[in-house]
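We name chains A, B, ... by the order of the sequence lines, and we start the count at 1 in each one.
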Amino acid sequence: MVEHEKLKGDAKNWSRDLEKEVIVSINDLTWDFSVSSDKEIFSIDTPPPYTSGRPWHLGAAAQYSKIDMIGRSQRMLGKAVLFPVGMDRNGIPVERYTEKKHNIRMRDTPREDFLKMCKESLDELENEMLEILRSFGYSGDFKSMYRTDSENYRALTQSTFIEMWNKGMIIRGTRPSNYCIDCGTTIADAEIEYKEMDTNLVYFYFNIEGSDKKILVASTRPELLASCSAILVNPEDERFKDFAGQTAITPIYGKKVKIIQHSYAKAEFGSGTVMICSYGDYNDIMIIKELGLKETILINTNGKMNENTGERLNGLKINRAREEIIKLLQDDGCVEKIERIKHRTPICDRSKTPIEIIPLDEYYVKVIDIRSKLLELAEKLEIIPEQHRQILINWLKVSNDWPISRRRYYGTEIPLWYCNNCGEPFVPEEGKYYRPWKEKPPETAVCRKCGGKEFTGDERTFDTWMDSSVSSLYVTKYLYDKKFFSKTYPMTLRPQGIDIIRTWLNYSILRNYLLTDKLPWKTAWIDGMGLDEHGEKMSKSKGNGIDPTDVIEKYGADAFRFWAASEAMPGSNFMFSESRLQGSSKFLTKLWNVARLISQFPFDGKEIEIKNYSDRWIIAYTNKLIKECKEGYTKLNPFIPANKVREFVWNVFAPHYVELVKARAYGEGFSAEEKESAIYTLNYVLKRTLLLIAPITPFISDTIWKELYSNEPVHYQKMPENSSVDDEMLSLGEKLMEFDSRVWAIKKEKGISLREKINMDVPEGLKLFGEDLIKMHNIE
RNA sequence: GGGCCUAUGGUCUAGUGGUCAUGACGUCUGCCUUACACGCAGAAGGCCGGGAGUUCGAAUCUCCCUGGGCCCACCA
């Protein structure tokens with residue numbers, strides 16, 4: 001017989017301190033992945049967290065811990081799991097972080113210096129992030145961690161761009177674009193948010209040519225008056241019937257513009273007339289196109305008005321220009337009134353400042369042409385939970401060509417040069433990393449149009465989603481290892497949050513389809529968002545983000561992970577609740593104490609035949625639990641095993657079975673054989689319970705496992721085998737538990753302690769439990 | 001304005017046609033019963049948002065309404 005050591009210093013409660021004793025050994029485990037293994041491959045396109053300078057909030061940590069549970073459980077289900085760790089390091093957030101940190105402006109800093117500072121910021125932030133991941137036992141492959149700003153990764157982004165360019169999927173166009181003045185770059189529709197903002201609706205008069213009549217126009221953008229190219233009135237609007245077809249004269253500028261009937265003008269709003277400018281909003285673009293009106297550019301990319309706006313406005317920032325023109329109009333005596341209104345304003349999701357519509361020469365990925373194909377793919381992809389599919393479909397139905405060039409520094413460079421003679425783009429070969437803003441093109445470069453040999457590099461970078469949308473190709477070694485790629489692509493799983501469906505999910509499908517003609521994964525697993533205790537989405541701007549480190553230090557990683565798993569079904573939003581987190585921590589203590597009790601009994605692990613009915617009952621129950629939990633893991637749903645195991649341990653195993661056999665396990669008044677059967681069964685159940693919960697709570701599971709069962713970590717084990725479930729024993733067990741409750745209630749009613757003697761009959765059906773039941777309740 | 005999702009005891013959460021609706025947290029009562037007071041036992045608490053329909057039978061399916069969330073289009 002082997003005497004167990006007492007569990008960890010005999011601590012009565014599971015705690016972060018106990019986790020700290022094993023955290024190094026848990027994080028040091030290795031998970032070698034080999035494509036030559038004959039195991040089924042389960043590959044995860046893990047989200048590379050954005051090293052953006054915002055501390056990771058608890059919602060994100062909860063999501064990553066759930067992804068870890070999927071990875072761990074798939075390993076224990078016998079799969080070869082490709083579980084990469086990546087860091088997304090390109091793009092605007094780190095640039096803004098660096099500007100703030102050093103109190104500098106990107107555009108006033110030499111590019112080379114600025115990039116260096118960004119890199120330093122990123123390294124710090126990355127370390128913080130890695131520390132958090134390790135603090136809760138994330139088991140991705142840290143050894144081969146990738147960074148989206150590495151040469152290899154950027155070479156992939158560029159190569160896949162070149163591939164798409166050569167296939168004719170990239171177009172160049174001067175289109176009115178969403179332009180964020182603060183970020184100094186074009187942004188995609190997907191990067192726009194809307195915010196209710198207060199603004200002035202200015203009512204002012206235009207004179208009518210050859211008449212002493214005036215027409216009243218209302219506008220929130222009077223500073224764009226210089227570009228006014230028409231006034232619209234509704235054809236049904238009686239007030240303006242006579243004006244239609246006449247020519248109005250713009251105040252200040254004295255320009256002639258037609259008054260046109262158009263249904264876009266709504267009689268109810270403002271003055272019932274609309275002045276069309278280039279560009280107040282996207283309707284202006286549509287109308288200008290539709291009516292063939294002339295555009296005038298008024299705003300430069302630095303956010304200042306240009307010479308087209310006249311002497312008084314030229315050089316002013318937009319807001320200042322707006323104030324100025326209102327003054328001018330007032331001086332002119334043509335302002336009727338100014339109304340304060342709420343206006344839903346498009347803002348940049350990074351800088352939170354209003355976007356302007358400015359025509360710029362940019363590159364786009366064709367989306368509109370293949371929209372129907374993308375919709376087809378969106379229907380084909382398995383999405384968990386199914387209900388989130390609609391978000392993707394809704395977005396695809398309205399999405400436009402994707403602008404991919406950005407006038408920024410810290411990003412993957414657009415690998416293009418332009419012929420100094422004729423301007424024709426030069427496209428280099430795939431496979432290398434190019435920096436056209438500081439490097440010459442390859443020596444062999446010749447302009448294919450005019451034969452020129454002098455080139456100027458493109459200074460722009462790509463949208464960061466150009467990088468992250470090929471993560472599935474990077475981790476499967478698309479460019480670098482054909483065999484590996486063919487075995488791992490398409491991948492098994494894309495786990496991600498609901499908030500980046502229209503960006504990461506959407507662009508990944510688009511890019512992978514254009515490049516490989518396939519969906520990048522079999523399944524997309526879309527989790528909900530972490531909310532604060534009031535149900536508000538956690539975000540830095542609201543200042544309601546909760547630091548996962550604080551929570552983990554206080555309650556432990558396993559309590560945090562168990563909470564994340566048990567709080568909500570994957571896909572639902574989950575609200576942070578300290579009291580429920582405490583509940584998770586209590587459950588772990590319960591499990592810990594069950595293990596402490598069982599660890600007292602010497603156990604040699606030898607298989608024996610079980611005849612005792614109490615033991616047969618709990619074994620049947622355990623076998624049912626195994627089946628349910630494994631089904632849950634197979635469906636990528638840790639919610640199911642978390643709650644099933646908790647219910648089992650807390651409501652069945654501990655109060656009913658353990659109490660039932662405690663006396664027998666101590667050997668008080670039982671034969672050695674009976675005692676052995678009890679101890680065997682206690683361990684049978686505990687051992688399997690630990691395996692089932694190990695992916696969710698790796699720390700406590702491994703600690704108990706190593707103390708009681710094996711030197712080999714629990715995480716290297718297989719999930720327990722399914723065994724047949726004895727349904728008759730299960731229903732007998734239900735009656736047993738009802739009887740227990742009845743006895744307890746009676747004792748309570750009589751005001752006697754639970755261990756006091758009681759005189760009652762054991763029901764006929766429960767006599768099978770024999771001496772166990774009599775000892776448990778002290779029945780006479 | 002259009003679309004999608006959602007609505008279960010005080011709070012959160014399971015449950016997709018069929019016995020008294022799951023569990024957790026919280027609340028109340030009594031207990032330190034040699035694993036655990038971060039515990040044990042007991043109890044209270046829900047006309048499953050409202051209405052209509054389908055059905056022998058609905059929390060579960062259909063329609064309408066209401067509340068909440070998200071997305072899209074929007075007020076010049």
Please confirm whether the shortest side-chain N or O distance from [X] to OP1 or OP2 of [N] is below 4.0 Å.
X         : N      : result
Asn573(A) : C70(B) : no
Trp650(A) : C40(B) : yes
Lys12(A)  : U34(B) : no
Lys590(A) : C40(B) : yes

> On RNA chain B, nearest-nucleotide positions of Leu754(A) versus Val658(A): which is more 5'?
Replying inline: Val658(A)
>> Using heavy-atom distances to pick each residue's nearest nucleotide on RNA chain B, tell me which of Asn643(A) and Arg755(A) is more 5'.
In response: Asn643(A)
How close or far is atom [atom2] of [N] from atom [atom1] of [X], stated in whole angstroms?
X         : N      : atom1 : atom2 : value
Glu756(A) : G30(B) : CD    : C1'   : 14 Å
Phe587(A) : G39(B) : CZ    : C1'   : 15 Å
Asn593(A) : U34(B) : CG    : P     : 14 Å
Tyr555(A) : C25(B) : OH    : P     : 14 Å
Asn200(A) : A76(B) : CG    : P     : 12 Å
Asn506(A) : C70(B) : CG    : P     : 20 Å
Lys750(A) : U29(B) : NZ    : C1'   : 20 Å
Trp563(A) : U13(B) : CH2   : P     : 11 Å

With a non-hydrogen cut-off below 4.0 angstrom, is [X] in contact with a base, only sugar-phosphate, or nothing?
X         : answer
Lys662(A) : base
Asn651(A) : sugar-phosphate
Gly272(A) : base
Ser577(A) : nothing
Val217(A) : nothing
Thr220(A) : sugar-phosphate

What residues form a ring pair (Phe, Tyr, Trp, His ring centres under 6.0 Å) with [X], not counting sequence neighbours?
X         : result
His262(A) : none
Phe204(A) : Phe206(A)
Phe699(A) : none
Phe739(A) : His777(A)

>> Using the salt bridge (charged side-chain N to carboxylate O under 4.0 Å, His left out) criterion, which residues pair with Lys662(A)? Sequence neighbours excluded.
In response: Glu659(A)
>> Using a 3.5 Å limit on both distances, find every run of at least three consecutive Watson-Crick or G-U pairs that involves RNA chain B.
In response: B:1-7 with B:66-72, B:10-12 with B:23-25, B:27-31 with B:39-43, B:49-53 with B:61-65
>> Quick check: closest heavy atoms across Leu374(A) and Leu396(A), and the distance to 0.1 Å?
In response: O-CD1, 3.7 Å
>> Counting neighbours of CD on Glu749(A) that are heavy atoms of other residues, nucleotides or ligands and sit closer than 6.0 Å, is the number greater than 12?
In response: no
Whole-Å [atom1] distance, [N] and [M]:
N      : M      : atom1 : answer
C48(B) : A7(B)  : C1'   : 10 Å
C25(B) : G17(B) : P     : 30 Å
C32(B) : A37(B) : P     : 14 Å
U22(B) : C47(B) : P     : 15 Å
U8(B)  : U16(B) : C1'   : 14 Å
G67(B) : G49(B) : C1'   : 8 Å
C70(B) : U13(B) : P     : 16 Å
C4(B)  : U55(B) : C1'   : 29 Å

Given 3.5 Å as the limit, does a donor-acceptor pair link the side chain of [X] with the main chain of [Y], or not?
X         : Y         : result
Arg16(A)  : Lys554(A) : no
Thr250(A) : Lys255(A) : yes
Ser585(A) : Tyr555(A) : no

> Can you list every salt bridge (Lys or Arg N to Asp or Glu O under 4.0 Å) pair that touches residues 214-228 of chain A, not counting sequence neighbours?
Replying inline: Arg221(A)-Glu223(A), Arg221(A)-Glu356(A), Glu223(A)-Arg322(A)
>> Please list all pairs meeting salt bridge (Lys or Arg N to Asp or Glu O under 4.0 Å) that have one or both residues in residues 734-743 of chain A, counting only residues at least two apart or in different chains.
In response: none
Is the closest side-chain donor-acceptor distance between [X] and [Y] under 3.5 Å?
X         : Y         : value
Tyr680(A) : Asp615(A) : no
Glu647(A) : Asn651(A) : no
Ser614(A) : Asp772(A) : yes

Just the table, please: protein N/O against nucleotides 14-22 of chain B N/O, every pair under 3.5 Å.
unit_1	atom_1	unit_2	atom_2	d
A14(B)	OP1	Met569(A)	N	3.4

>> Quick check on the 6.0 Å ring-centre criterion: do Trp744(A) and His656(A) meet it?
In response: yes
Within the sub-3.5 Å range, which N or O atoms of nucleotides 4-11 of chain B have a protein N or O partner, and how far apart are they?
none

> Between A41(B), C38(B), C36(B), which nucleotide gets closest to the side-chain atoms of Asn13(A)?
Replying inline: C38(B)
> Which of these nucleotides, A24(B), C38(B), A41(B), is closest to any side-chain atom of Lys586(A)?
Replying inline: C38(B)
Taking distance alone, no hydrogens or angles, what donor-acceptor pairs closer than 3.5 Å link side-chain atoms of residues 631-639 of chain A to residues at least two apart or in another chain?
unit_1	atom_1	unit_2	atom_2	d
Tyr633(A)	OH	Leu692(A)	O	2.6
Thr634(A)	OG1	Lys630(A)	O	2.7
Asn637(A)	OD1	Phe639(A)	N	3.0

> What parts of residues 732-749 of chain A reach RNA chain B, counting only heavy atoms under 4.0 Å away?
Replying inline: Ser741(A), Trp744(A), Lys748(A)
